[in-house]
Structures are given as C-alpha cells and as structure tokens.
There are 2 protein chains.
Amino acid sequence: MSLDYAILGWLSTGPGSGYDLVRQMDVGLSWFWGASHAQIYPRLKVLEERGLITSEPVTVGTKLEKRVYSITEAGRAAVSAWASEPPTYPPNRDSERLRLIFGDHGDTKAMRRHFETHLDRFEKRKANLQEFLDSVTSRKHQRIEQRIADAPTEALKEIPLAVRTMAYAGDLRRAELEIDWARECLAWLDDFERRHPEESRAG
Amino acid sequence: MSLDYAILGWLSTGPGSGYDLVRQMDVGLSWFWGASHAQIYPRLKVLEERGLITSEPVTVGTKLEKRVYSITEAGRAAVSAWASEPPTYPPNRDSERLRLIFGDHGDTKAMRRHFETHLDRFEKRKANLQEFLDSVTSRKHQRIEQRIADAPTEALKEIPLAVRTMAYAGDLRRAELEIDWARECLAWLDDFERRHPEESRAG
DNA sequence: CCGACCATGTAATATGTTACATGATTGT
DNA sequence: ACAATCATGTAACATATTACATGGTCGG
C-alpha cells in the first residue's frame, strides 16, 4: 500500500504529528501522493500496531493533545525493502481526458472550461514545483538536509538531492507541457468559434 | 463515477459486449481509463437496471451466450450531462515517483531498474499512441467515424476528430517527455557510478 | 484433442471519499 | 468573542483489486 510508504517515507526524514502529515499531503507530498485525514489517522494506528512507527503524546497549551510519530528501525527497513522492489504501475485513469473525448457532441463552453481549468491547474502546479525545487537546490529544505546528513558515505549524500531534483524537475517539465497543450487547445477553440459563430452556444 | 462514463461513452460510439469492453479497457480506452472484468461486468448490470443501456443475448456457435449492450437515449443524455459538468481532479498519486524519492538511501540497482522500466513503459505507450493517432487521422477508426457521422451539423463533425487528436497528441508528447526524462536520469546514474564505483553494489 | 482465447460471473479484501463529530488554541 | 486553524477521530459508502470459478469456441 503506497499510503503506508508515503507516511513511512516522510517520517524517515524526521518525526511529525498526524496533522503535520495531513498538511504535507496537501502541499509537498501530495505532488506524488495525496490523502485525506480520514485515511491518515486510522493508518497511523495500524502502522504503530505493526511496530513500524512509535508515538508519544505532546501537550499543546494546557489541554490539546497531539501525537508525534517517529519511525522505528523496523519501519526504516520496510521503506528500504519497498524502495528496492520492482516498479508497479496502476491502470491509467484520467477522468478529464475521458470527459474531453466523450464530450465531443459540441458543448464548446464546457470544452473551454475544460482547457482553462487544465491551464490554471498546471500553472499553479508549476509555480509550486518551482518554488519547492528552488528551496531544495538552495539547500533550505530541512527534511532533505536531514536525509543528506543521515547518508553514511560522501557519495551517498548526493542521492537524496539528486533523486528529488530529478523527480520534481520531471514533474515541472510535465506541468510546462500541460500548460502549452492547454494553450494550443484554447487557440484551436478560438479558431473554431471564429469559423463557426453559430455553434458557440451549443450544448 | 468515471467507470460508468467510460462504459457509456464507449457504447455511445456503437454497441458491444462486456468482453469487448474488457479488451478495450486493456488497449485503447485504457489510455484514459483502465478497469478489470471484475469491475466491468457488475457495472454493466447496474447501468442496465438504471435504463442507461440495454442488452440482448447473442449466441456464438451453438451454446455460448454473450450479451451485446447498446446505449439508450437516457444513457446518451447522461453522458452529455456529465461531459458538461465542471472538471474535477483527484489527488495526485504516483507511486513510482514516491518510490524514487524515498528510495534515496543508495540502492543504485533499484534506481536503474526504476528508470529503465519507466523508459520501457513510455516507449511502448508512445508507440501505441502513435499508432492509434495515425488510425484516427487517416480516418480508419470505425467508432470515431461513427461519432462524426452522428454529428448533426457540418461544424460539429469537426469536434470528435479534434478532441481525440488533442487528447492523444497531448499524451504522446507526455510520453516523449517521460522518455527524455528517463534517459537523462540514466545518464546521471551512469555518471554517478563512474565517479563512485564503490557504491555500485550498495543496497 | 489441446491450447489459446472467448465469455461471464462472484467473493473477499483493500483502498479511498464524504459526511459526521468534537474540542482546543491563537491571533485580532 | 470570534474566526481561522490546530488536532483527531469514526461511520457509511463508493470504488478497485485479487482470487476463485465455470464453461464454450476455434484453429491447428
């Protein structure tokens, strides 16, 4: 289950609460694995039962209790084993592409919204990825620095930075590609509506 | 539920059996929405109960019965309504990117396999998409020609071809990008192993 | 006659979403 | 005091995977 390894992987870079993890799944981590709190909290309990993580309660203010989780040696071993497994790919699922191709009956307003949403989504994503990548390359990302510090040899200290640069830069280029794609589609649609003004209100 | 619309959308281009749909989910359709027979057969029954599709039994040979499904007017209306809804995006989930960034402890063999599998996967995908795109642009794809024939006006006949060209060409470019990415990552890894031959057997 | 493929199903399990539910803290 | 955010949970439901299960057809 990838959610388990998203949690364990993140905890392998330092301790954190369930809520920290929830926020992480919204921002950084969610670029590769998103999950809601309804999934995360129960899963943390399972991982703790299995001895892959431990937790201790921390009191905030006078009453509010939060649990701060840390990865165990067994947890580190589990991440390491999972990371060395052969890649597996889930079936392709892209509901918006599906909507685009089966929405071919001529609702140009819906098509325009489709492309504009796509554009907006990937422009935001590009900005987020760029900002994150900058924080990584300028060595300001605390958790990644921790991973580097944990590496046992000089050579292995290259890896944490390199894999993240590759992964995030790859997704950044993908975001740029999606932006270009959406702009070209919008240009086609502009041209279509110019050539066929009578269809512009079709649904 | 996108699976419902993958089924309905496909049936909107012509009748077909559950098994046809299963194969379709493996090849063409699966580029945007994959599903297994265990999901498809039960779902067809639900869609039929709801009056969105109908079926008639066809006997193959002397005994083998298959059910051939057709979309109803209610089904067409449902697809049309769904296609005009605002886009929704699920959380990002990319288990292989996750494996790459949390596999940063230095198993270069696993990293190499990761990149090679990625390369292989997207080279196959590129070839499939190219072949499909060619069949579409050379007007040899029967179901798409059916969609074009069904369009009520000359202007609207452009849409089925256009949206598919956009969707498949977009994914083709993405496949090319992933291929470039994997090659660059492999080049980095080659360089790393050249610089640090002692780490090449690490795990 | 045998293997590859056609054809359809169910059951158990795993994973993920949405809604419901509660209460504390912090800054204004 | 009030709002935003911190912090954690459960229940019901929806969706998807894996394994189990059966039998027919067609070509060599």
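The chains referred to below are lettered A, B, ... by the order of the sequence lines, with proteins before strands, and numbering in each begins at 1.
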Taken to the nearest whole Å, OH/B:Y5 to C1'/D:dT15 is 15 Å
Are A:K126 and A:E178 ion-paired here, with the side-chain N under 4.0 Å from a carboxylate O?
no
B:D26 atom CG is separated from D:dT17 atom P, nearest whole Å, by 12 Å
Looking at B:K45, I'd like to know whether one of its side-chain N or O atoms comes within less than 4.0 Å of OP1 or OP2 on C:dG9.
yes
Check your understanding: With respect to the phosphate group of C:dC6, does any side-chain polar atom (N or O) of B:R23 fall under 4.0 Å of OP1 or OP2?
Key -> yes
Rounding to 0.5 Å, atoms OG (A:S70) and CG (A:L52) come to a distance of 13.0 Å
Mind checking if B:P91 touches a base, just sugar-phosphate, or nothing, with heavy atoms under 4.0 Å?
sugar-phosphate
Separation of D:dT22 atom C1' from B:E65 atom CD, nearest Å, is 15 Å
Practice task
Would you please indicate if the ring centroids of B:H141 and B:F132 are separated by under 6.0 Å?
Solution key: yes
Rounded to the nearest 0.5 Å, the NE2 atom of A:H37 sits from the CG atom of A:D26 at a distance of 11.0 Å
Looking only at heavy atoms, the pair that brings B:W82 and A:R99 closest together is O-NH1, 2.6 Å
Ranking A:D4 and B:S17 by the position along DNA chain C of their nearest nucleotide, the one closer to 5' is B:S17
Practice item. Flag the pair B:R112 and B:D190 as a salt bridge only when some basic side-chain nitrogen lies within less than 4.0 angstrom of an acidic carboxylate oxygen. Key: yes
From CD1 of B:I7 across to P of C:dT8 the rounded distance in Å is 13 Å
Picking from C:dT8, C:dC6, D:dT8, the nucleotide nearest the side-chain atoms of A:R67 would be D:dT8
inquiry  = Measuring to OP1 and OP2 of D:dC6, would you say a side-chain N or O of A:Y19 lies under 4.0 angstrom away?
reply    = yes
Applying salt bridge (Lys or Arg N to Asp or Glu O under 4.0 Å) to B:D171 and not counting sequence neighbours gives A:R97, B:R125
Check nucleotides 25-28 of chain C against the protein and report each pair of N or O atoms closer than 3.5 Å, with its distance, or say if there are none.
unit_1: C:dT25; atom_1: OP1; unit_2: A:V60; atom_2: O; d: 3.2
unit_1: C:dT25; atom_1: OP1; unit_2: A:T62; atom_2: N; d: 2.7
unit_1: C:dT25; atom_1: OP1; unit_2: A:T62; atom_2: OG1; d: 3.4
unit_1: C:dT25; atom_1: OP1; unit_2: A:K63; atom_2: N; d: 2.9

Bend of the helix from C:dC1-D:dG28 to C:dT28-D:dA1 from end-axis comparison, five pairs per end, nearest 10°, comes to 30°
Between CE of A:M1 and P of D:dA16 the distance, given in whole Å, is 15 Å
- Which word best sums up how the rings of B:F122 and B:H118 line up, parallel for under 30°, tilted for 30 to 60°, or perpendicular for over 60°? tilted
Salt bridge (Lys or Arg N to Asp or Glu O under 4.0 Å) filter on B:E145, not counting sequence neighbours, yields B:R139
So, with a heavy-atom separation below 4.0 Å from DNA chain D, the residues of residues 32-41 of chain A are A:H37, A:A38, A:Y41
B:M25 atom CE is separated from D:dT17 atom C1', nearest whole Å, by 15 Å
On DNA chain C, more 5' by nearest nucleotide between A:L3 and B:Y69 is B:Y69
Next on the checklist: Parallel, tilted or perpendicular: which one describes the rings of B:F32 and B:Y168, with boundaries at 30° and 60°?
Outcome noted: tilted
The side-chain hydrogen bond (donor to acceptor under 3.5 Å, both in side chains) partners of A:T13 (sequence neighbours excluded) come to A:R143
Rounded to whole Å, CG of B:L21 lies from P of C:dT8 at a distance of 10 Å
Check this one for me: any side-chain N or O of B:R43 less than 4.0 Å away from OP1 or OP2 of C:dG9? no
So A:F192 and A:H196, would you call those rings parallel, tilted or perpendicular, with 30° and 60° as cut-offs? tilted
